[in-house]
Amino acid sequence: MTFSNTSLLAGYAELDSAAVSDALDALDLPPGQAGFLPVWGHPKIVGFAVTVQLEPYVPGPSGAHIGSAAVAAATDENVIVVNNEGRTDVSCWGGLLSLGAALNGVRGVVADGACRDVNEAREMSFPVFARGRIPATARGRLQQKSTGEPVQLGNVTVTPGDVVFADETGVVVVPRAHAEEVLERAQAVAERERGIAADLRAGVALHEAMRDARLAGTTEGHR
């Protein structure tokens with residue numbers, strides 16, 4: 001099956017990060033990872049990656065604010081991914097960036113670092129996933145190294161256009177070239193688990209319903 005961008009993202013939006021991670025595992029691709037938590041509520045986001053790479057500040061001529069070029073380039077199909085090398089001693093995402101992104105229709109941000117202005121993101125219902133929270137400003141501490149280039153998000157390389165999925169369980173990154181196959185496998189995982197749940201509710205014993213072969217998709221449903 002060939003998916004449009006819209007139908008691809010809509011298909012992922014019906015799933016959870018665990019099902020997508022299981023599908024990645026089945027294809028020997030990097031699975032989901034922990035450590036990226038929503039800073040407010042229980043949002044779920046899925047979109048095509050727009051990337052930002054940060055680095056420590058070096059005194060010199062002032063440039064554009066970190067992240068601003070990515071926000072300007074992003075659309076309502078995008079998730080912004082910020083790599084600040086996992087640092088939690090300085091904020092790499094704040095309220096004005098959230099506002100600009102929200103006004104552009106951006107679906108959310110995943111930051112390998114810390115953020116601030118959590119109340120502002122919450123008030124505008126803009127999803128932010130990060131390693132932590134801190135009030136300390138990026139001014140004089142960070143600068144932008146690049147945007148639109150591959151970046152690391154934890155243990156995974158994110159290339160612009162990859163599918164980034166985040167929910168309260170964790171984050172998964174799906175290489176764009178595999179996005180359709182991963183989606184179909186993840187949908188099959190979710191369908192199997194719904195079948196197992198239905199059997200359990202119908203009184204089937206746990207050890208019968210949750211056979212490893214069935215969970216792996218190598219057998220048909222419960223007999």
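Values below: all heavy atoms of this structure, side chains included; hydrogens, waters and symmetry mates excluded.
Across every non-hydrogen atom of T88 and I134, the tightest pair is O-CD1, 3.5 Å. The minimum heavy-atom distance linking G47 with V79 is given by the pair N-CG2, 3.5 Å. Of all non-hydrogen atoms in Q144 and E55, the two that sit nearest each other are O-OE2, 4.4 Å. Smallest separation of non-hydrogen atoms from V81 and A49: CG2-CB, 4.2 Å. A pairwise comparison of heavy atoms in M124 and G95 identifies CE-O, 4.2 Å as the closest pair. Between F129 and P43, the shortest heavy-atom contact is CZ-O, 3.5 Å.
Side-chain N/O atoms of Q152 and T157 include a donor and acceptor closer than 3.5 Å. Side chain to side chain, E149 and Q53 fail the donor-acceptor criterion of an N or O pair below 3.5 Å.
The side-chain hydrogen bond (donor to acceptor under 3.5 Å, both in side chains) with R87 is formed by just one residue from the set D89, N84, N83; it is D89. Between H178 and the choices L29, L24, L183, the side-chain contact (heavy atoms from CB on, under 4.5 Å) rule is met once, by L29.
Using a 4.5 Å heavy-atom cutoff, the side chains of L142 and C92 are in contact. Looking only at side-chain heavy atoms (C-beta outward), L54 and Q143 stay at 4.5 Å or farther from each other. In this structure, D16 and V20 have side chains that are not in contact, with every pair of non-hydrogen atoms separated by 4.5 Å or more. Contact annotation: the side chain of V52 approaches that of I80 to within less than 4.5 Å [non-hydrogen atoms, C-beta and beyond]. With contacts defined as side-chain heavy-atom distances shorter than 4.5 Å, the pair N78/R107 does not qualify. Here the side chains of V109 and V82 are in contact, with some heavy-atom distance below 4.5 Å. Here the side chains of Y12 and V174 are in contact, with some heavy-atom distance below 4.5 Å. A 4.5 Å side-chain heavy-atom check between V110 and I45 finds at least one atom pair inside the cut-off.
Side-chain heavy atoms closer than 4.5 Å link hydrophobic residues (I, L, V, M, F, W, Y) into clusters, and following such links, even through other members, never connects F36 to V39. Tracing side-chain contacts under 4.5 Å through hydrophobic residues (I, L, V, M, F, W, Y), one reaches L15 starting from L8; they form part of the same cluster. The same ILVMFWY cluster, assembled from side-chain heavy atoms under 4.5 Å apart, contains both I66 and V106. A continuous path of hydrophobic side-chain contacts links F48 to V46 [ILVMFWY only; heavy atoms under 4.5 Å]. A continuous path of ILVMFWY side-chain contacts below 4.5 Å connects V182 to F3, so both sit in one hydrophobic cluster.
For the atom pair CD (E85) and CZ (R131), the distance works out to 11.0 Å, reported to the nearest 0.5 Å. The distance from atom OG of S98 to atom CZ of R116, rounded to the nearest 0.5 Å, is 11.0 Å. To the nearest 0.5 Å, atom CD of residue E191 and atom CZ of residue R194 are 4.5 Å apart. Interatomic distance, L37 CG to T169 OG1, rounded to the nearest 0.5 Å: 9.5 Å.
Judged by distance alone, with hydrogens and angles left aside, the side-chain atoms of Q33 form a donor-acceptor pair with the main-chain N or O of L153 at under 3.5 Å. Under the 3.5 Å distance criterion, the side-chain polar atoms of K44 are left unmatched by any main-chain donor or acceptor of E168. Judged by distance alone, with hydrogens and angles left aside, the side-chain atoms of N104 form no donor-acceptor pair with the main-chain N or O of A101 at under 3.5 Å. Panel note: side chain D162, backbone R176; a donor-acceptor pair is recorded below 3.5 Å. W93 places no side-chain N or O within 3.5 Å of a backbone atom of D117 that could act as its donor or acceptor partner.
The 12-atom threshold is exceeded at CG of L103, counting heavy atoms of other residues, nucleotides or ligands nearer than 6.0 Å.
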Task: Verdict with supporting geometry, L97 and H65, side chain to side chain contact (heavy atoms under 4.5 Å, CB included) - done: CA-CA 9 Å; L97 287 172; H65 189 281; 4.0 Å; yes
